[in-house]
Amino acid sequence: MSSLARSPVVESVRNAGIVGAGGAGFPSHVKLASPVEWVIGNGAECEPLLKIDQQVARLFARRLVRGIQLAAEATGATRAGVAIKYKHVETIAAVRAAASGTNVEVYELDDYYPAGDEFNIVYEVTGRIIPEGGRPTNVGCLVNNIVTLVQIAEAVDDARPVTARAITIGGAVANPITVEAPIGTPFEFCLAAAGGPTVADYVALDGGPMMGKFIDPARAVVTKRTSSFLIFPRDHQYVFRRMKNPDEHQHIARSSCDQCNLCTDFCPRYLLGHRCWPSKVMRSGLSREPIPTDVLNASLCCECGICSLFACPIPLPVREMMVQTRVALKKHEVKSPFRNEDVTINEFFQNRKIPVASLMERLGLHIYEHPAPMQGMPLKPGRIRLPLDGHAGSPAVPVKKAGDAVSAGEVVAEIPEGALGARCHSPINGHIQTIADNVMEISL
């Protein structure tokens with residue numbers, strides 16, 4: 001008998017199409033099928049300018065606690081809690097009140113980046129270190145985003161599928177807000193809801209400034225893993241640093257890196273005891289025949305961006321070199337030799353935590369730090385472009401065709417047989433206009 005048949009919670013989560021809302025988009029029903037000792041709600045929200053998790057946790061504290069309890073039930077966990085930065089006093093108070101009389105604990109985190117990285121959060125909460133190349137389940141832990149846990153409670157208790165999610169719309173906009181947006185809502189509609197841009201020539205990000213991806217404003221939509229849309233002037237120093245031509249990265253690394261090692265000194269994986277050495281990857285660009293370990297350690301990179309955007313004094317595209325190296329290793333099917341179960345925390349772990357305020361100051365983003373309060377009314381677009389591949393794994397397969405009428409919450413695409421994926425549901429009442437390139441367009 002499969003784990004799905006044994007667990008009503010997992011079945012409800014699968015039916016609801018829930019995926020990791022923190023950015024990875026991994027199907028939650030698969031994560032919940034793994035037995036663990038500890039369930040941790042990730043409310044760290046360490047990326048600058050994002051305001052979703054802190055507000056969702058405060059406003060929907062009871063659903064959050066219920067979601068954590070359900071995740072513990074599904075996985076057999078005996079310990080459960082939620083990690084929130086100590087500065088969110090009202091949120092912590094609301095969650096503690098909701099958790100009163102339960103076994104759900106609240107863990108207070110320092111205000112640093114990347115506190116929300118699952119490797120960091122597991123260590124901060126449990127003292128356990130996820131092994132190199134490993135996952136939280138390797139140390140008996142399951143980490144889920146706040147929004148995901150609320151969705152789990154809604155799926156089990158109300159049979160509610162994922163058709164919308166909370167996002168922050170911020171940066172260079174007239175009215176920074178956090179609002180519930182239907183999956184598939186066009187970027188332009190979201191931007192208008194925040195009062196529009198305050199600059200004529202701008203770039204847009206899906207996600208936070210450190211790990212978010214630049215998007216095409218004409219094509220981008222809200223997905224199940226979209227945490228925010230952020231707008232910045234095209235001529236901002238931060239944008240210049242992140243949008244360098246990839247073809248220049250090797251040349252810059254070879255000509256400018258002085259091997260100061262600061263990128264490694266501040267690397268979160270290195271500080272957890274992992275053999276991740278960005279400085280050695282940069283050094284590999286200086287040699288025609290680099291030492292293998294100088295290249296292979298790129299497989300341990302978490303792409304947090306600290307090396308490029310904070311540590312490097314020049315600055316150089318260190319993260320970009322790590323990513324390019326990792327892509328090349330994968331292309332040539334070179335496996336990482338870094339698998340070490342016995343790692344020891346670096347003695348400087350506590351001293352090298354990067355305060356978020358310092359990070360924003362360094363990047364010149366502090367001028368965009370605004371409350372972005374949660375709006376009571378959700379967005380109501382008349383047309384959505386529902387992504388069928390907005391999650392990890394295989395795209396969902398349509399079970400409807402162009403011209404069909406659909407109702408909000410109705411299943412419109414299924415998980416392919418035997419594949420990793422997630423269901424998709426219509427966010428609105430309407431008619432399917434087109435289905436092409438893994439996008440289903442629905443209008444009222």
Does any non-hydrogen side-chain atom of [Y] lie less than 4.5 Å from one of [X]?
X      : Y      : answer
Pro27  : Leu420 : yes
Cys424 : Val411 : no
Arg319 : Arg242 : yes
Ile384 : Val221 : no

Please indicate whether [X] has more than 12 foreign heavy atoms, meaning atoms of other residues, nucleotides or ligands, lying under 6.0 Å from its [atom1].
X      : atom1 : result
Lys87  : NZ    : yes
Asp216 : CG    : yes
Arg241 : CZ    : yes
Gln433 : CD    : yes
Arg62  : CZ    : no

Would you call [X] and [Y] a salt bridge, using N to O less than 4.0 angstrom?
X      : Y      : value
Glu303 : Arg269 : no
Lys353 : Glu124 : yes
Asp157 : Arg66  : yes
Lys85  : Glu108 : no
Lys213 : Asp206 : no

Please work out which of the three classes, parallel, tilted or perpendicular, describes the rings of His274 and Phe119, given edges at 30° and 60°. perpendicular

Mind checking whether Tyr112 and Phe349 have parallel, tilted or perpendicular rings, split at 30° and 60°?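 Taking Phe349 first and then Tyr112, their aromatic rings stand perpendicular (interplane angle over 60°).
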
Tell me every residue that passes salt bridge (Lys or Arg N to Asp or Glu O under 4.0 Å) with Glu105, counting only those two or more places apart in sequence or in another chain. Arg79

Under the side-chain contact (heavy atoms from CB on, under 4.5 Å) rule, collect the residues that match up with Pro233, sequence neighbours excluded.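 So Pro233 forms a side-chain contact (heavy atoms from CB on, under 4.5 Å) with Ala172, Val199, Asp235, His236, Tyr368.
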
Using modelled atom types and a 3.5 Å cut-off, is there a donor and acceptor pairing between side-chain atoms of [X] and backbone atoms of [Y]?
X      : Y      : answer
Ser228 : Leu230 : no
Asp404 : Lys401 : yes
Glu45  : Asp53  : yes

Intermediate values then yes/no, ring-ring contact (aromatic ring centres under 6.0 Å, His included), Tyr238 and Phe232: CA-CA 9 Å; Tyr238 155 80; Phe232 300 112; 5.3 Å; yes

For residues Glu320 and Ser308, is any side-chain donor paired with an opposing acceptor at under 3.5 Å?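 Result is yes, a qualifying pair exists.
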
Atom pair CZ/CG of Arg63 and Leu149 - distance to nearest 0.5 Å: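 Arg63 atom CZ to Leu149 atom CG measures 13.5 Å (nearest 0.5 Å).
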
